[in-house]
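Written out below as structure tokens is the structure these notes cover.
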Amino acid sequence: MTVDAFIAERRARWAELENAVKHARRGRLRALPASELERFGLLLRHASSDLAIARREFPDAAITEYLNTLCARAHPLLYRGAPLRLSTVTHFYATGLPRAFRAAWTYIVASLGLLALGFLAGWIAIDVRPDLRASLVPPSLFDEMARGHIQANVPDAPFAASFIIQNNIRVALICFAGGVLIGIPTAFVLLSNGWMLGTVAAAVHLGGYDLQFWSLIVPHGVIELSVIVIAGGTGLMLGDAALRPRQLRRGDALAAAARRAVTLAVGAATLLIIAGTLEAFASPSGLPDAVKLTIGTVAGALLYSWLLLAGRVDWMSWRSSASRRAGTATASSRRSASPSALAPNAADPSR
Amino acid sequence: MGTGPPDTLRVQTADNVSLGYSTAGVGSRMAAQLIDSTVALALVFVALVAAGGLVSRASTAQGLAWGAGAAAAFAGFVYFGYFLVYEAVTGGRTLGKRALGLRVVRIDGSAPDVTAILVRDVVRVIDLGLFGVGIVVMFFHPLSRRLGDLAAGTVVVRERSTLSLAAATAPPPVILRTPDAGPPIEGIERLGTSEQNALRVFLSRPGLTPQLRAKLAGDLATRLYERLQLPPQAPERMWPPELLIERLYLQLDMRSR
């Protein structure tokens, strides 16, 4: 076959495909009716097989280059992941995030270990070298202790809240993203945060203001530190994948770990909105210390009962399998059973 | 199929055809980032001015504080949100990328999903924030990927839409010195389309120096003598090689019409 005959025979199909690619709105084929969508797939398969022929028969011809460009533009229109739906997001918070948290528990424990290590180091540093206290801890803290009470200086609560939230989210995201540099920035953030908390806590302990100090930290700190530890865990997970890729190529292992971890990190970071609000409004407020500590305890109990318990039972499949066991094959139970029967993962309650 | 130049991403389609994407370099990537950052910062500015206008209407100090807080929170999320939402909606083509003809694809050639875009955007904190380490990585990576691309499994490719179907399918002009097909050549039935294509490529190649053209024609003619199985005393062997090629081409062309 000559190149002219090759072109003459197939040209109309290529023009049709090119036209469809041009009319894909915002990089999507969403506007196309089903019949045309099917036609698009057919045209793309034809074009890519034409490309294979052209590569072999006419490697230098302009048409080969054209077909490669055409296929390269059409390919991602057809091959793409599932679109984001609101139900995906709500389902993620209900079950996906707690499950991801439990699946990553070893890394999260390691992350907590790094934070604790920084805390201990800071505490010991203050204990061993009291002369360095002034350079390790903000001096205003000692002025406050000399005056008889300590308090966080928060002038405009709403403004402070938005600043705190943004800053903490940035720190959490750095904890995750630092994983790509084998987790070194992640470890640094965890250690330095632990160190700062440790030095201040030790200095306050020497001054004898423990209760006042912890009542300033605990209301928001339970959620805030948990989120930082979780984000740190995701960063360590990435770093581990980059260092020990196991059966995969290094890049593939990193990408796979990042896809698993990013939703956990970002989902956890959204909790910082709650923590930041508490930090600006509840922690520095004039509430009695007992109330503040209770707020922190309740927030922690809610957080960890969600993280440890949610998503352990798939209620949809549990309900349908229970009705099947009961032998009530009524129309309504059959209706409820059908969606889970389509999803093989959800059909088995033991998973 | 060949491996292609080093800055080409090779993607194997489901029907086992390899597509070549040429990847975007550091320069165009940074230019696109500059445009996007400018637009995002302009949006932040507009958001702040608008919020400031609203805040100044607040009558009490309490209202002022709340307004300022809300405005600051909003402005802070506009910058990150610009990249996230824009890329998620357009499948990885922000304003800056569009201006420079760039596009994000996953390493298997598919369009990036929301998870991949989320990873890219979060890791941008490190790529741009930590001494521009991403630019260094991009510089040394054969496919110019930054850390965010490595973590998300994506590549930024150049969108080449310059070659139109009309231009690609217009047959290259065949340069003939004589329109005369000459006497029928013995053994021409032994030649197929591959020989015809080879003749055509030779005849449509402009800009060869006469010496090179003569040498190529000689090589081609030697092969053709064999394929035609010309006897040693055939008159065609006496023709200049370039004349043989032109006559063969014209006769094959007539046959295939």
Side-chain angles (χ1 to χ4, degrees), chain A residues 1-5 7 11 14-15 18 26-28 45 48-49 51-52 55 57-58 60 62-63 65-66 68-69 71-73 75-77 79-82 84 156-163 165-166 170 173-174 176-181 185 238 251-252 254-255 258-259 262-263 265-266, chain B residues 1 11 13-15 17 19-21 65-66 68-70 72-73 76-77 88-93 103 105 107-116 118-119 122-126 129-130 133 147-148 150-153 157 159-161 163 165 167-169 171-172 193-194 196-197 200-201 256:
Chain A
M1 184 183 296
T2 67
V3 67
D4 300 315
I7 289 170
R11 173 179 185 125
W14 301 334
E18 187 181 325
R26 290 201 313 240
R28 275 151 213 252
R45 281 195 298 281
S48 72
S49 92
L51 171 63
R55 279 238 179 82
E57 301 283 334
F58 331 107
D60 300 323
I63 193 65
E65 171 77 16
Y66 168 81
N68 182 63
T69 309
C71 290
R73 286 176 71 196
H75 186 77
L77 288 175
Y79 293 91
R80 50 172 59 244
L84 185 69
D156 287 323
F159 190 74
S162 86
F163 176 78
I165 290 166
Q166 283 178 37
R170 232 189 75 236
L173 295 186
I174 286 174
F176 164 78
V180 294
L181 296 175
L238 254 65
D252 294 343
L254 177 67
R259 289 184 68 80
V262 71
T263 44
V266 173
Chain B
M1 305 241 159
V11 168
T13 65
D15 35 6
V17 178
L19 301 179
Y21 289 84
W66 278 100
F77 289 112
V89 167
T90 60
R93 296 194 71 200
R103 190 155 54 93
V105 294
I107 200 83
D108 62 358
S110 62
D113 59 351
V114 178
T115 312
L118 202 57
V119 174
V122 172
V123 180
R124 187 177 277 123
V125 177
I126 293 281
L130 201 72
V133 65
L147 292 171
L150 293 173
V157 297
E159 186 120 273
R160 291 171 301 177
S161 55
L163 192 62
L165 180 59
T169 55
T193 50
S194 61
Q196 193 180 352
N197 283 328
R200 156 125 210 205
V201 168
S256 63

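On a predicted model such as this, the values are computed, not experimentally measured, just so you know. All chains are named by letter (A, B, ...) in the order of the sequence lines, taking the proteins before the strands, and each is independently numbered beginning at 1.
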Does CZ belonging to A:Arg259 count more than 12 external heavy atoms closer than 6.0 Å?
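For A:Arg259, atom CZ is crowded (more than 12 foreign heavy atoms under 6.0 Å).
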Please state whether the side chain, the backbone, both or neither of [X] comes within less than 4.5 Å of a heavy atom of chain A.
X        : value
B:Ala116 : both
B:Val122 : both
B:Arg124 : neither
B:Val157 : neither

Approximate separation, where rounding is to 0.5 Å, of A:Tyr66 OH and A:Ile7 CD1:
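So the OH of A:Tyr66 and the CD1 of A:Ile7 are separated by 10.5 Å.
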Between chain B and each of A:Ala62, A:Ser48, A:Gly178, A:Ala15, count heavy-atom pairs under 4.5 Å; write down the option with the most.
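Heavy-atom pair counts peak at A:Ser48.
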Do you know which of A:Leu173, A:Asp252, A:Leu238 has the most heavy-atom pairs with chain B at a distance under 4.5 angstrom?
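Ranked by contacts with chain B, first place is A:Leu173.
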Counting heavy-atom pairs under 4.5 Å with chain A, which one of B:Gly153, B:Gly109, B:Ala88 comes out on top?
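That would be B:Gly109.
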Which residue out of B:Val114, B:Thr115, B:Val125 racks up the most heavy-atom pairs below 4.5 Å with chain A?
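Most heavy-atom pairs under 4.5 Å with chain A: B:Thr115.
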[X] versus [Y]: any side-chain heavy-atom pair under 4.5 Å?
X        : Y        : value
A:Val262 : B:Val123 : no
B:Leu150 : A:Val180 : no
A:Ile63  : A:Trp14  : yes
A:Asn68  : B:Tyr21  : no

